[in-house]
Amino acid sequence: LTAGESHGPALVAVLEGFPAGGQVNARLLLVSGSAVPGHPGFSFGPFQDLAMSANDQIVFRSTLESPRNTLRAVVRSHGISFSVVAFEGLVSPVSHELYESFSAPSINAAGDVAFKASLKAKAPGSPTEAIVRVRGASADMVADNGGGSNLGQIFKAFSAPVIGSK
């Protein structure tokens, strides 16, 4: 969609389910191309798989783009500010394997984030997938496909997780 012939391309949102003549109070919080807080030289690429908590916190996948690199990432909102909770190449909490890619993330009312991570396995038999939970600034592994589960089980594969409120 465009904003019109005289104004050129712009960000346009289509809101459904509002009564005719109703008013909406909306504010633009982040736009693709914005600088990434805490990562000088990087800007946000396209946003994907947006999820919102009951407390209006947002989590989504994006790319972090610089002239030399494009990294996949999971990003969480804190009010009107945003922080990167995981990105490609970062050491994961799973046997010190590196993050490679991410599923659609989920977020609960407490702000905890969960996602499936694909991992760059360093050695044969190392986990290649894991479910990760991020609480505050701390990430921990819930389960992986290398037998390192806190649940005492061995898993072969995972789908994107949904995180509850407790």
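Position 1 is the first residue of the sequence; numbering continues from there. What you see is a predicted model; the values in this text were computed from it and never measured.
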Does Asp49 reach the main-chain N or O of Arg61 with its side chain, forming a donor-acceptor pair under 3.5 Å? no

N/O donor-acceptor pair under 3.5 Å between Ser106 side chain and Pro161 backbone: yes

Is any side-chain heavy atom of Phe42 closer than 4.5 Å to one of Pro40? no

How many angstroms lie between atom CG of Leu90 and atom OG of Ser92, to the nearest 0.5 angstrom? 8.0 Å

Quick one: are Val132 and Phe102 in side-chain contact, heavy atoms under 4.5 Å? no

Could you measure the distance from the CD1 atom of Ile107 to the CE atom of Met52? Nearest 0.5 Å is fine. 9.5 Å

Please check this pair: side chain of Arg76 against backbone of Gly136, looking for a donor-acceptor N/O pair closer than 3.5 Å. yes

Below 4.5 Å, heavy atoms only, C-beta onward: do Thr63 and Leu71 meet side chain to side chain? no

For the side chain of Ser81 and the backbone of His78, is there at least one donor-acceptor N/O pair under 3.5 Å apart? yes

Any Val134 side-chain heavy atom under 4.5 Å of Asp112 side chain: no

Phe87 reachable from Leu50 in the ILVMFWY side-chain graph, under 4.5 Å edges: yes

Without swapping roles, check the side chain of Asn55 against the backbone of Gln57 for a donor-acceptor pair under 3.5 Å. no

Show, in sequence, the C-alpha distance, side-chain angles and deciding distance for Thr128 and Asn145, and conclude whether the side chain to side chain contact (heavy atoms under 4.5 Å, CB included) test is met. CA-CA 7 Å; Thr128 57; Asn145 66 349; 2.9 Å; yes

Nearest non-hydrogen partners of Pro105 and Ala51, listed with the distance: O-CB, 3.7 Å

Under-4.0 Å salt bridge between Glu97 and Lys120: no

Quick one: does Ser77's side chain have a donor or acceptor within less than 3.5 Å of a partner on Ile58's backbone? yes

Does any N or O in the side chain of Ser103 come within less than 3.5 Å of the main-chain N or O of Lys116, such that one atom is a donor and the other an acceptor? yes

Would you check if the side chain of Glu88 reaches a backbone N or O of Arg72 as a donor-acceptor pair within less than 3.5 Å? yes

When you measure from the side chain of Asp144 to the backbone of Glu129, do you find a donor-acceptor pair of N or O atoms at a distance under 3.5 Å? no

Identify the two heavy atoms, one from Phe44 and one from Ser62, that lie closest to each other, and give their separation to 0.1 Å. CD2-OG, 3.9 Å

Determine the minimum heavy-atom distance between Leu119 and Glu100, stating which atoms define it. O-OE1, 3.8 Å

Closest non-hydrogen atom pair between Ala104 and Ala160, with its separation: O-CB, 3.8 Å

Using a side-chain heavy atom cutoff under 4.5 Å and only I, L, V, M, F, W and Y, what cluster partners does Val162 have? none

Side-chain heavy atoms of Val113 within contact of Val74, under 4.5 Å: yes

Quick one: does Ser32's side chain have a donor or acceptor within less than 3.5 Å of a partner on Gly45's backbone? yes

